[in-house]
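Taking it in order: structure first as structure tokens, then the write-up.
The sequence lines fix the lettering, A, B, ..., with proteins before strands; numbering per chain opens at 1. This is a predicted model, so every value here is computed, not measured. When reading the values below, keep in mind they use all heavy atoms of this one structure, side chains included, and skip hydrogens, waters and symmetry mates.
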Amino acid sequence: MARPGNDPRYPLTSANISATLLRAHPRFHSADTRSRGSRRSPYPLRVTDTPVPPPSPEDDLPEQMRVRREKRERLLAAGTDPYPVEVSRTHTLAEIRAAHSDLEADTATGEIVGVTGRVMFVRNSGKLCFATLREGDGTELQAMLSLNKVGEEALSAWKTDVDLGDHVFIHGEVITSKRGELSVLADEWRMTAKSLRPLPVAHKELAEETRIRQRYVDLIVRQRARDIVRTRAGVVRALRDSFHGRGFIEVETPMLQTLHGGAAARPFTTRSNAFDMDLYLRIAPELYLKRCVVGGLEKVFEINRNFRNEGSDSTHSPEFAMLEYYEAYATYDTNAAMTRELVQEAADAVFGSQVVTLTDGTEYDLSGEWTTLPMYESLSDALGEEVTPDTGVELLRKHAHANGLEPDPKLGHGKLVEELWEHLVGDHLTAPTFVRDFPVETSPLTRQHRSRPGVAEKWDLYVRGFELATGYSELVDPVVERQRLTEQARLGAAGDDEAMQLDEDFLRALEYGMPPSGGVGMGVDRLLMALTGLGIRETILFPLVRPE
RNA sequence: GGGCCGUUAGCUCAAUUGGUAGAGCUGCGGACUUUUAAUCCGUAGGUUCUGGGUUCGAGCCCCAGGCGGCCCA
């Protein structure tokens, strides 16, 4: 936006020349006090017949932002770049802390260093200034600036130019203060990145909405926010290490798909201009990973994003990270054991223990073998009456009503059993538990149990009451698979928008022969939730939110 | 989709029955060479989410909407 003073259309006048000069010279600060302290624009309007420039949006900025912008301009006017390309940092703050962990108070080491950090606290006095610098991981170190080391000009510039939140460079000697605080005593300092916005109060929690909408600010002020990011990275890395240690190959399969499949979920749609066709964001990588197994990638995994066009709450996000892995010659028995190991190895890698401390301070034990509950038997126990794959829909509906549920009248046997089970059993599970042998009807891509009619070789893993993962002995008979998918497509045509589409290419792949295989899907965000006790929006760095 | 609650200074929050919108931190000016959320003195900062309505007068009451949270389906 054009403004007088830096736009040729609005040449400098004596009035704004003097204002500019005053701002550029710290010596004149006291003389300039009144004009800088007033609410008036620092750019006086000229009394001429030339058009008045349109009001700059900056004139409407809150006072504190305006002040910081003025400081930036003052630095520029004085020939100092508030955003230099390069600074001569010699050590991180953490390196200095590590190298001088047990110095006595009031010690001078003689070591000269250059350090950088964001100014988090400032304690300025007349001739000696203290500042707490912080670097990315939260490590803090004190900077000290004294009159006799940096000189009057640099000290005065420090006091007038530096605000909380600014990045600065400090060159000087590593010392400890009289109180014993490890510090760098400056002989030189400079601005490395001027912050134009004031930091929130460092000692009060940000409102949850602000934490999510402005995660960058959350990360600046809250150690826990920084820790969560690192915990998540550690968990993902541990997962990859576990897979690599077992000979798995990581692949990346399409997120833009012409058909959506692999799960019962509503997809997002998008559009390809070049292909002139609608595309779907994937709801699951399953059908592509199975193509991989057909092709001979016998141990294959993918960690990446799925998108489901559904609402969000404390356990759901429309965009979430998913782990899926498939292994030839594995079954739902062997992949349950491996899934348990993956979780336990992640806990060990990140926390050094399989007993994790949740965010509310309670401990959660992931160690050892985990409970296994067959679905029909555990539901029968909870009802006090036997329920089997042959139990009729009417009787199931009666049980549902007797237990305070009002299931959709359209629900069939399978979904009724699952709803009843979730209500009577699932909601009360706390310890890690595998629930096995689901109704065939609700598991279209799973093979029938090898010996028990009416159930599928499928398990769900419940941890702290929510579903963390699901595993199968995969259905690999291409003829049966075609029947199941055709039925799904029929449901879709009938208006069930969670049903899958018929993927002829996937069926063609299966017709080449897929070895007997086990497959597992696990929510990565949910794994974080399980290990930390956080809500899903705390485990995702930038969750989807409505625009402000 | 329904119900309830919230939305006030840069941030975190107050504001009696409807009667001049306040505090702390932050900012600005001043003092201070060993501070640790420094301290002391002074001072500035507001479209009370938006739009309508009632009233002599609305942050507060009414209507509609936005955003967020919680509970329910």
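Aromatic ring orientation, H260(A) versus Y280(A): perpendicular (interplanar angle above 60°, classes split at 30° and 60°). Between W158(A) and W189(A), the ring planes are perpendicular. Angles over 60° get that label, and only those under 30° would be called parallel.
Minimum heavy-atom separation, Q64(A) to P198(A): OE1-CB, 3.5 Å. Of all heavy-atom pairs between S146(A) and L128(A), the closest is CB-CD1, 3.5 Å.
Checked for salt-bridge contact, D106(A) and K178(A) miss the test: no charged N lies under 4.0 Å from a carboxylate O. Residues E181(A) and R97(A) are paired through a salt bridge, judged by an N-O separation under 4.0 Å between the basic side chain and the carboxylate.
If you take atom P in rC25(B) and the same atom in rU36(B), they sit 14 Å apart, rounded to whole Å. Taking the P atom of each, rU7(B) and rC49(B) are spaced 8 Å apart, rounded to whole Å. For the C1' atoms, the distance linking rG59(B) with rU50(B) amounts to 14 Å, nearest Å. Taking the C1' atoms as reference points, rG18(B) lies 8 Å from rG57(B), given to the whole Å. Atom name C1', nucleotides rU17(B) and rC60(B): the rounded distance is 11 Å, in whole Å. rG6(B) and rU48(B) are spaced 14 Å apart, taking the C1' atom of each and rounding to whole Å. A gap of 13 Å separates the C1' atoms of rA21(B) and rG45(B), to the nearest Å. For the C1' atoms, the distance from rA58(B) to rU8(B) is 14 Å, rounded to whole Å.
The residue E205(A) sits close only to the backbone: its heavy atoms come under 4.0 Å of sugar-phosphate atoms, none of a base. Note on L199(A): nothing from the nucleic acid sits closer than 4.0 angstrom, heavy atoms only. Within the 4.0 angstrom heavy-atom criterion, only backbone atoms of the sugar-phosphate kind lie near D163(A); the bases stay farther away.
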Check: Can you give the dot-bracket line for RNA chain B, using ( ) for pairs inside the strand, [ ] for pairs that cross earlier ones, | for pairs with another strand and . for unpaired bases, where Watson-Crick and G-U count if both distances are under 3.5 Å?
Finding: (((((((..((((.....[..)))).(((((.......))))).....(((((..]....)))))))))))).
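To the nearest angstrom, C1' of rA44(B) lies 14 Å from CD of E70(A). In this structure, L155(A) places its CG atom 12 Å from P of rC32(B), rounding to the nearest Å. Across the protein-nucleic acid pair, N148(A) atom CG and rC32(B) atom P stand 16 Å apart, rounded to whole Å. With rounding to whole Å, R134(A) atom CZ is found 12 Å from rA37(B) atom P. When rounded to the nearest whole Å, the span between CG of N124(A) and P of rU34(B) equals 13 Å. For the pair R68(A) CZ and rC11(B) P, the computed distance is 13 Å after rounding to whole Å. Atom-to-atom, CZ of F130(A) to P of rU39(B) comes out at 14 Å; the value is rounded to the nearest Å. To the nearest angstrom, C1' of rU33(B) lies 11 Å from CG of L185(A).
Nearest-nucleotide assignment on RNA chain B puts the 5′-proximal partner with T210(A), out of L128(A) and T210(A). Summary of the strand contacts: G180(A) and G126(A) both lie near RNA chain B, and taking for each the nucleotide with the nearest heavy atom, the more 5' one is attributed to G126(A).
Among residues at least two apart or in separate chains, salt bridge (Lys or Arg N to Asp or Glu O under 4.0 Å) pairs with a member in residues 126-138 of chain A are R134(A)-E140(A).
Screening I175(A), V184(A), I170(A) against M144(A) for a side-chain contact (heavy atoms from CB on, under 4.5 Å) leaves a single residue, I175(A). Of the listed residues (R68(A), R69(A), E63(A)), just one forms a side-chain contact (heavy atoms from CB on, under 4.5 Å) with M65(A), and that residue is R69(A).
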Next item on the list: Check step by step if side chain to side chain donor-acceptor pair (under 3.5 Å) holds for T132(A) and R123(A).
Entry: CA-CA 9 Å; T132(A) 303; R123(A) 300 167 294 278; 3.2 Å; yes
Margin query: Is there a side chain to side chain donor-acceptor pair (under 3.5 Å) between D460(A) and T470(A)? Walk through the geometry before answering.
Written below: CA-CA 4 Å; D460(A) 270 2; T470(A) 183; 2.8 Å; yes
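Here the nucleotide nearest the side chain of S125(A), chosen from rA38(B), rU34(B), rG10(B), is rA38(B). Between rG69(B), rU36(B), rU26(B), one nucleotide has an atom nearer to the side chain of Q64(A) than all others, and that is rU26(B).
Contact annotation: K127(A) reaches the phosphate of rU33(B) (side-chain N/O to OP1 or OP2, under 4.0 Å).
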Considering only nitrogen or oxygen atoms on both sides, find all protein atoms under 3.5 Å from nucleotides 64-68 of chain B and state each distance.
residue: rC67(B); atom: O3'; partner: R213(A); partner atom: NH2; Å: 3.3
residue: rC67(B); atom: O2'; partner: E209(A); partner atom: OE2; Å: 3.2
residue: rG68(B); atom: OP2; partner: R546(A); partner atom: NE; Å: 3.2
residue: rG68(B); atom: O4'; partner: E209(A); partner atom: OE1; Å: 3.4

